2 protein chains.
Amino acid sequence: MTRQKADLLQGTLDMLILKAVSLGPLHGYGIIQRLRQMSGEMLEVEQGSLYPALYRIEQKGWVSSKWEVNETNRRAKFYALTRAGRRQLEDEEASWDRLVLAIAKVRQTT
Amino acid sequence: MTRQKADLLQGTLDMLILKAVSLGPLHGYGIIQRLRQMSGEMLEVEQGSLYPALYRIEQKGWVSSKWEVNETNRRAKFYALTRAGRRQLEDEEASWDRLVLAIAKVRQTT
DNA sequence: TACCATGCTTTGACTTTCTAGGCATACTCG
DNA sequence: CGAGTATGCCTAGAAAGTCAAAGCATGGTA
């Protein structure tokens, strides 16, 4: 299928997840909601994208997870940013800034 | 392997190619050089990424190609932006701007 | 002659994301 | 009590894009 306008670009999802979790431990479903809210309804992450990403990110040691009971009395797996995750977030943000800058340079070339 | 800092994000390459070609018809090898220059040496597109992308983009009708002889007396396939390509470039730039904005919003959330 | 820069192409692997489901539990409302 | 809805996690399969690493050919130069 053709890529939809709202779709994420490969490589940005990890940064967004890490950023969302950096504001406090959160479970998967909540991450989707928080990202939607943080982006002003501009981003809608699919569950089928999020959960594999969370697994991947946890394997890399950037988040840790714990089963807990949330505020509505349901079991949910809460993810928290690790120290390595914070470093990774900073790295990814720096890379993102570089890319945005590089593309801006290309675009302003006449 | 881990993604390198300088790597492109999937989905941005088409926009960059279209932009490079929008400044005048150019062959593949030259596109790489022009993009490197336009980005202030920040972007280095691999040949193995560029040529498949050019093929894809031509299939979609966003560029047309013609074998010609370049200024150094070598045969080279020159790509030119089509009308549809210009529209596509505008669309991709708008999508890019939206994504950059959305991510900026996420990042400025405290 | 040998080499180097230019120029196009292909192959295979890899990663990420999306679509499209399935499964389970808590709560609410008729 | 029963049905529906929102919440919450997970997986399989496919699609797509990018990269690394090659190969091949030609023109100019030492």
Side-chain angles (χ1 to χ4, degrees), chain A residues 1-18 20 25-36 43-60 62-63 65-79 92 95-96 99, chain B residues 1-18 20 25-36 43-60 62-63 65-79 92 95-96 99:
Chain A
M1 289 306 118
T2 309
R3 178 177 289 276
Q4 290 294 108
K5 294 111 175 19
D7 280 3
L8 255 28
L9 253 38
Q10 282 204 186
T12 56
L13 183 56
D14 289 8
M15 178 176 68
L16 292 170
I17 292 173
L18 293 176
L26 200 52
H27 52 87
Y29 203 84
I31 290 173
I32 291 175
Q33 294 173 358
R34 188 179 279 176
L35 280 176
R36 180 169 49 228
L43 297 180
E44 182 68 37
V45 177
E46 301 295 329
Q47 293 191 13
S49 305
L50 180 76
Y51 289 109
L54 279 173
Y55 177 81
R56 197 171 61 231
I57 290 173
E58 184 172 17
Q59 290 300 306
K60 293 188 173 167
W62 299 337
V63 296
S65 69
K66 210 168 23 170
W67 282 99
E68 290 182 18
V69 173
N70 71 3
E71 63 286 350
T72 65
N73 205 29
R74 277 187 185 79
R75 289 177 70 255
K77 203 193 247 181
F78 279 76
Y79 293 89
E92 295 203 10
S95 291
W96 173 253
L99 181 64
Chain B
M1 289 305 119
T2 309
R3 177 178 290 277
Q4 290 295 108
K5 293 110 176 18
D7 281 3
L8 255 26
L9 253 37
Q10 282 203 186
T12 57
L13 183 55
D14 290 8
M15 177 175 70
L16 292 170
I17 293 174
L18 293 176
L26 201 53
H27 52 86
Y29 203 86
I31 290 174
I32 291 175
Q33 294 174 358
R34 188 179 279 177
L35 280 177
R36 181 170 45 227
L43 297 180
E44 182 68 37
V45 177
E46 301 295 329
Q47 293 190 15
S49 305
L50 180 76
Y51 289 108
L54 278 173
Y55 176 82
R56 195 171 63 231
I57 289 172
E58 184 172 16
Q59 291 301 306
K60 293 188 173 167
W62 299 336
V63 296
S65 70
K66 209 166 26 169
W67 282 99
E68 290 183 18
V69 172
N70 71 4
E71 63 285 353
T72 65
N73 205 29
R74 278 188 185 79
R75 291 177 69 256
K77 203 193 249 180
F78 279 75
Y79 293 89
E92 296 204 8
S95 291
W96 174 252
L99 180 65

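Lettering of chains follows the sequences in order, A, B, ..., and the numbering in each one begins at 1. Just so it is clear, the structure is predicted and the values come from calculations on it, not from any experiment.
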Would you mind building the protein contact string for nucleotides 24-29 of chain D? One character per nucleotide, 5' to 3', B for base within reach (heavy atoms under 4.0 Å), S for sugar-phosphate only, - for untouched.
-> --BBS-
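Every salt bridge (charged side-chain N to carboxylate O under 4.0 Å, His left out) that B:R56 has, sequence neighbours left out, goes to B:D14.
Closest to the side chain of B:W67, out of C:dT9, C:dT6, C:dC18, is C:dT9. Distance from the side chain of B:S49 is smallest for D:dT18 among the nucleotides C:dT17, D:dT18, C:dT9. Nearest to the side chain of B:H27, among C:dT17, C:dG7, D:dC19, sits C:dG7. You'll find that the side chain of B:Q47 is closest to C:dT9, out of C:dT6, C:dT16, C:dT9.
Separating the CG atom of A:L99 from the P atom of D:dT18 is a distance of 12 Å, rounded to the nearest angstrom. B:E68 has its CD atom 13 Å from the P atom of C:dG7, to the nearest Å. Note: CD (B:E44) to C1' (D:dC19) measures 13 Å, nearest angstrom. At whole-Å resolution of the value, NZ in B:K77 and C1' in C:dT6 are 16 Å apart. In this structure, CG of A:L35 is placed 13 Å from P of C:dT17, rounded to the nearest angstrom. Atom CD of B:Q10 and atom C1' of D:dG17 are 3 Å apart (whole Å). Rounded to an integer number of Å, the gap from CZ of B:R56 to C1' of C:dT10 is 15 Å. Here the P atom of nucleotide C:dT16 and the CD atom of A:E46 are 18 Å apart, to the nearest Å.
Heavy atoms of A:G28 sit under 4.0 angstrom from primed sugar atoms or phosphate atoms, though from no base atom.
Checked by atom type and distance alone, the side chain of A:Q10 never pairs as donor or acceptor with a backbone atom of B:Q10 at under 3.5 Å.
To the nearest 0.5 Å, atom CD of residue A:E46 and atom OH of residue A:Y51 are 12.0 Å apart. Here B:S65 contributes atom OG and B:I57 contributes atom CD1; the two are 12.0 Å apart, rounded to the nearest 0.5 Å. Interatomic distance, CG of A:L9 versus CG of A:L99, reported as 8.5 Å (0.5 Å rounding).
The side chain of B:R75 contributes no N or O atom lying less than 4.0 Å from OP1 or OP2 of C:dG7. For A:Y51, no side-chain nitrogen or oxygen approaches OP1 or OP2 of D:dC10 to under 4.0 Å.
The two residues A:G28 and A:L50 have their closest heavy-atom pair at O-CD2, 3.2 Å.
Between A:W62 and A:E92, the closest side-chain pair of non-hydrogen atoms falls below 4.5 Å.
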